[in-house]
Number of protein chains: 2
Amino acid sequence: MSYDPSAFPPFAVTVDLVVLTVRRHALCALAVRRGEPPFQGRWALPGGFVRADEDLAQAAARELAEETGLRVHDPAVPVQDNGAHLEQLATYGDPKRDPRMRVVSVAHLALAPDLPAPRAGGDASNARWASVEELLQQGGYGRDGEAVAPLAFDHAQILSDGVERARSKIEYSSLATAFCPPEFTVGELRRVYEAVWGVALDPRNFHRKVTGTPGFLVPTGGTTTRQGGRPAQLFRAGGATLLNPPMLRPEV
Amino acid sequence: MSYDPSAFPPFAVTVDLVVLTVRRHALCALAVRRGEPPFQGRWALPGGFVRADEDLAQAAARELAEETGLRVHDPAVPVQDNGAHLEQLATYGDPKRDPRMRVVSVAHLALAPDLPAPRAGGDASNARWASVEELLQQGGYGRDGEAVAPLAFDHAQILSDGVERARSKIEYSSLATAFCPPEFTVGELRRVYEAVWGVALDPRNFHRKVTGTPGFLVPTGGTTTRQGGRPAQLFRAGGATLLNPPMLRPEV
DNA sequence: GATCATAGTCGTCTGCCTGACGATAAACAC
DNA sequence: GTGTTTATCGTCAGGCAGACGACTATGATC
């Protein structure tokens with residue numbers, strides 16, 4: 001580490017997290033309230049500095065665990081337990097994105113099943129799940145009529161990019177199961193697609209598609225009526241990670 | 001900029017470039033020979049430090065211009081002139097990826113038409129277009145029987161990720177035209193797909209597909225026989241950026 | 001307990017797209 | 001002219017998606 005530090009400008013490197021889940025038929029993201037300037041009191045994406053001896057993915061996994069208690073699971077293993085999916089999203093490095101200093105943020109995208117209330121260092125009032133729609137309507141009014149300030153820094157852009165990544169990725173991969181509990185029904189999976197895409201899907205065609213794609217879903221043998229109506233078969237995520245042909249997002 | 005520098009570990013931030021082109025029916029990448037340790041004499045991807053007042057995309061465009069003379073064009077404008085396509089690829093930040101110090105590299109992917117010989121600060125012997133296949137067969141032997149050392153740092157991984165991005169992106173976008181000169185024939189575009197994917201495509205079905213996708217190709221009215229055989233119609237890239245339905249990469 | 005509402009599951013039909021491949025056209029080399 | 005090369009048009013069969021009808025099995029309501 002003996003190197004001339006004047007040979008390059010020093011940067012701070014952070015990881016920011018877009019943590020998405022589906023709650024009450026809506027796509028939601030984890031937001032934390034900033035306790036200090038800049039943007040004090042505003043909502044922001046969770047994140048923090050990368051430590052000196054830490055890989056970027058490790059830093060993101062550590063932040064995710066600190067904020068939600070979620071463990072990340074091995075990407076080589078199919079989505080099964082309550083672990084979350086975590087992947088790198090993009091890196092944001094505008095010289096003025098943080099007024100204090102030059103910060104480069106490596107944003108990550110996490111997809112998680114519906115969780116108990118979030119915790120932000122033990123202080124629940126400073127962390128919440130908010131619908132993506134609400135977080136992105138900058139300067140508008142939230143679901144309960146409360147005025148909503150735009151997200152801090154460039155986090156609206158990051159969140160928007162993360163949502164778009166999730167929307168496109170569930171088309172051609174089995175990632176939508178990362179939003180589901182370990183066992184789920186076809187209808188629950190369909191409601192995930194409907195929440196993420198914001199559209200209604202035909203239950204019959206959806207059922208044909210997902211049960212007809214080899215390796216996507218594995219029946220567990222059980223059934224459930226937790227959604228009401230006729231009992232539905234329970235499934236686990238199968239080994240397939242890529243859907244070919246993909247699920248098609250309806251036009252417009 | 002007055003902030004306690006001990007509050008976070010300092011990083012060096014670089015941009016590395018995966019510059020791809022198609023030459024003689026092969027997918028090629030730009031490589032530069034390292035003039036100093038570590039990995040002195042080995043081939044590497046072009047890149048350099050991000051300056052203190054520079055955005056990441058600006059830094060990548062500057063490096064690309066320095067290495068190839070290529071200008072980048074506005075992503076909002078369809079691919080038309082000799083400008084290259086440039087997009088962020090991913091960020092690599094393993095603590096040990098550079099033995100000198102903690103370096104986080106924001107890799108970018110550039111796609112360019114076939115170019116005159118590269119220049120690396122005026123020294124042509126230290127920059128070359130090499131086939132991707134050759135660069136990635138670590139420790140093997142190149143096309144002319146010369147022993148090939150693996151790329152420096154984690155650049156083999158970066159190149160591999162960039163190639164995979166290009167391969168998948170030409171499926172559902174019109175990006176393959178970024179490999180072509182401003183005017184090109186359907187056959188030339190097909191040879192781009194064949195080189196990038198490493199497969200043979202049926203000329204008749206390919207012709208039907210690309211000419212039948214609205215907004216993909218715009219006929220210029222001219223024809224050319226530069227490929228031999230019957231004269232072919234010349235096209236420009238149309239305004240469409242997304243192909244729906246996509247070009248399908250043949251199985252296996 | 002009959003009826004209703006809800007959700008799940010199986011089928012059918014039609015149109016579009018793709019892959020395989022035949023046929024023709026227009027240049028150049030000899 | 002003959003052969004070679006490349007471009008372009010056409011045909012046909014199979015697969016898949018969208019639209020939608022029909023039936024099933026639960027709980028809720030009267």
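Every chain is numbered from 1 and lettered A, B, ... according to where its sequence line falls, protein lines coming before strand lines.
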Interatomic distance where CD belongs to B/Glu194 and P belongs to D/dT6 [whole Å]
11 Å
Measure from the side chain of A/Leu248, starting at C-beta and using heavy atoms only, and say which of C/dC21, D/dA7, D/dG18 lies closest.
D/dG18
B/Arg230 or A/Pro245: which one's nearest nucleotide on DNA chain D is closer to the 5' end?
B/Arg230
Does D/dT8 have OP1 or OP2 sitting under 4.0 Å from an N or O in the side chain of B/His207?
yes
To the nearest angstrom, the CG-P distance between B/Leu201 and C/dA20 comes to 11 Å
Report the distance from atom CD of B/Glu251 to atom P of D/dG15, rounded to the nearest whole Å.
13 Å
Nearest atoms (heavy-atom pairs only) where A/Leu86 meets A/Leu17
CD1-CD2, 4.3 Å
Select from B/Asn205 and B/Glu188 the residue whose nearest nucleotide in DNA chain D is closer to the 5' end of that strand.
B/Glu188
Taking atom P of D/dT11 as reference, at what distance in whole Å does atom CG of B/Asp202 sit?
17 Å
Interatomic distance, B/Leu234 CG vs C/dA27 P [rounded to whole Å]
14 Å
With DNA chain C as reference, determine whether B/Pro231 or B/Met247 sits nearer its 5' end, using the nearest nucleotide of each.
B/Met247
Starting at CG of B/Leu189 and ending at C1' of D/dT8, how long is that distance when rounded to a whole Å?
16 Å
CA sep, side-chain torsions, deciding dist, call: B/Asp16, B/Tyr92, side chain to side chain donor-acceptor pair (under 3.5 Å)
CA-CA 10 Å; B/Asp16 285 326; B/Tyr92 299 82; over 6 Å; no
For the rings on B/Phe206 and B/Tyr193, is their centre-to-centre separation under 6.0 Å?
yes
Check every atom of D/dA17, D/dC20, D/dC12 against the side chain of A/Arg204 and return the nucleotide holding the closest atom.
D/dC20
Pick base, sugar-phosphate or nothing for A/Arg226, based on heavy-atom distances below 4.0 Å to the nucleic acid.
nothing
Go nucleotide by nucleotide along DNA chain C from the 5' end; which of B/Gly228 and B/Lys209 gets its closest nucleotide reached first?
B/Lys209
If you count every heavy atom of other residues, nucleotides or ligands that lies below 6.0 Å from B/Glu87 atom CD, does the total exceed 12?
yes
In whole Å, I'd like the distance from the CD atom of A/Gln233 to the P atom of D/dT24.
17 Å
If you check the A/Arg208 side chain, which of D/dC9, C/dG19, C/dT12 turns out closest?
C/dT12
Whole-Å distance, B/Gln227 CD to C/dA25 C1', equals 18 Å
Is the terminal nitrogen or CZ of A/Arg24 (NZ for Lys, CZ for Arg) located under 6.0 angstrom from the six-membered ring centre of A/Trp129 and within 45° of that ring's axis?
no
Measuring from the side chain of A/Arg190 (C-beta onward, heavy atoms only), which nucleotide among D/dT8, C/dG8, D/dA7 has the closest atom?
C/dG8
